[in-house]
K.L.:
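Okay, handing you the structure first.
Here is the naming used below: chain letters follow the sequence lines, and residue numbers restart at 1 for every chain. Heavy-atom basis, side chains included; hydrogens, waters and symmetry copies ignored.
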There are 2 protein chains.
Amino acid sequence: MQTSERQKEIIQAAFDLISEQGIQELTIKKIAQAVGVTEPAIYRHFTSKVDILSSVIDEMIAQRNAALLQVRSGSSTARDMIRSFFSVQASLFESRPSLTIMLFPEDLFRNNDELLGRATTMMEETLARFRELLQAGIDEGSLKPGIDCGAGALMLVGGFRLLVASWRLDAGKGRAGRLEADTGSFLAGVFSLIGR
Amino acid sequence: MQTSERQKEIIQAAFDLISEQGIQELTIKKIAQAVGVTEPAIYRHFTSKVDILSSVIDEMIAQRNAALLQVRSGSSTARDMIRSFFSVQASLFESRPSLTIMLFPEDLFRNNDELLGRATTMMEETLARFRELLQAGIDEGSLKPGIDCGAGALMLVGGFRLLVASWRLDAGKGRAGRLEADTGSFLAGVFSLIGR
DNA sequence: GGTAAGTTAGTGATCGCTAACTTACCGCGG
DNA sequence: CCGCGGTAAGTTAGCGATCACTAACTTACC
């Protein structure tokens, strides 16, 4: 079944609300207000709140896959792919801060085993992709040989997560463009260690 | 005012419950059940739920400061301090998994500005300490010169956070000792890049 | 006239928290 | 040694608010 326009609106509203106020503040009423209808109208498009959150995860996975695909087709070396993946993510987050929850799926769904499992899988897949990318970079010679790919993936993804976590906390004051700038210098710092 | 035994019990129960079920599942009733009293009895020891959470943050900050102090007195080089800090944390988390929330204060208190501010400050302080440690390591010669300390701190702390986040998700199956082992190999991987 | 999508009104459950009462222990004057 | 009152810490019962969700009705469109 394809998702209707209203369903997309609802998913997007849930996305934004989670990002702004946290998952514990997400209510059907708030979603309804954001969309511009009353509370029960939401249930014409989703069977339950879990159903909505499930679609939110689907959206996250789709977004990440799209980002990886976009980067893969537009880059020559694995090193470039890594760099442009984070750049794309950073500029995406600058323009739509609500999307940052994509990076932190694990603490969103702790009260639902199925959703938590999918979030965990999503996180592990992301790490696995980066291990592959690092290995590819070593093989093709754009990265230093002898790098521990597991540690490298943790460094890269974990460091970026922490950067984004800090960035979205101090909302307001001169935040515009800062994530992209900080991401750039973070990547420069990392590549000066692992690149060659 | 010093904290009574009951208050310590309550803080510890809140700590554990948050870790096991997430902050959105934390209720006064559950805390009361864990402590072994009825719900209103909790209010003999704390004025509100926010009051409890505030004490939980105090406890987190105290724990981190104690860990840093312990490591500082027992290590010779900055490099050793970094290594033993994460080792101590990892073994601490193995024995008491509930303490892992110390690493993720920022998503616990998003609905309360004061608590969120304190959590943010705590995170930034931790990062600043690691920047100092890295700089000290460079100055004393145990770390490679030319390292970007900002990026290095993000790598280290962010990578460890991600490692712990993954570890605590797959509860149960053969988890014993794995965090310490994984932390060890993560640190080995990082130090092979930044050490000398 | 059937269907999709909205509405108002209201369900039971649970939330943080309070009122009012009980109980146990304490120091102290007679 | 006894009784008295104050206080800390527990109890039962319940408050108003809010939660996810539902029943029943209306409206607009093909």
K.L.:
Identify, with sequence neighbours excluded, every residue that meets side chain to side chain contact (heavy atoms under 4.5 Å, CB included) alongside A:A136.
P.N.:
A:A78

K.L.:
Just grab all the salt bridge (charged side-chain N to carboxylate O under 4.0 Å, His left out) pairs involving residues 62-76 of chain A, residues at least two apart or on different chains.
P.N.:
A:R64-A:E125

K.L.:
Run the salt bridge (Lys or Arg N to Asp or Glu O under 4.0 Å) test against A:K30 and tell me which residues pass, sequence neighbours left out.
P.N.:
A:E25

K.L.:
Among pairs that include at least one residue of residues 130-139 of chain B, which meet side chain to side chain donor-acceptor pair (under 3.5 Å), considering only residues two or more places apart or in two chains?
P.N.:
B:Q135-B:D139

K.L.:
Can you name the residues that form a side chain to side chain donor-acceptor pair (under 3.5 Å) with A:D182, not counting sequence neighbours?
P.N.:
A:R178

K.L.:
Considering residues at least two apart in sequence or located in another chain, which fulfil the side chain to side chain donor-acceptor pair (under 3.5 Å) criterion with B:R6?
P.N.:
B:E9

K.L.:
Kindly write out the residues that satisfy salt bridge (Lys or Arg N to Asp or Glu O under 4.0 Å) with B:E106, not counting sequence neighbours, or none if the list is empty.
P.N.:
B:R161

K.L.:
Restricting to ring pair (Phe, Tyr, Trp, His ring centres under 6.0 Å), what partner residues turn up for B:F130, sequence neighbours left out?
P.N.:
B:F85, B:F86

K.L.:
First and last nucleotide of DNA chain C in contact with chain B, 5' to 3', at under 4.0 Å to a heavy atom: what are they?
P.N.:
C:dC15 to C:dC21

K.L.:
Can you pull out every salt bridge (charged side-chain N to carboxylate O under 4.0 Å, His left out) where at least one residue sits in residues 76-95 of chain B? Sequence neighbours excluded, please.
P.N.:
none

K.L.:
Just to be sure I understand: a Watson-Crick pair is purine N1 to pyrimidine N3 plus N6-O4 or O6-N4, both under 3.5 Å. Using that and G-U wobbles, which stems of three or more pairs involve DNA chain D?
P.N.:
C:1-30 with D:1-30

K.L.:
Side chains of B:S54 and B:R118: donor-acceptor distance under 3.5 Å anywhere?
P.N.:
yes

K.L.:
Sugar-phosphate atoms are those with a prime plus P, OP1 and OP2; base atoms are the rest. Using that split, label each nucleotide of nucleotides 17-23 of chain D B, S or - for protein heavy atoms under 4.0 Å, 5' to 3'.
P.N.:
--SBBB-

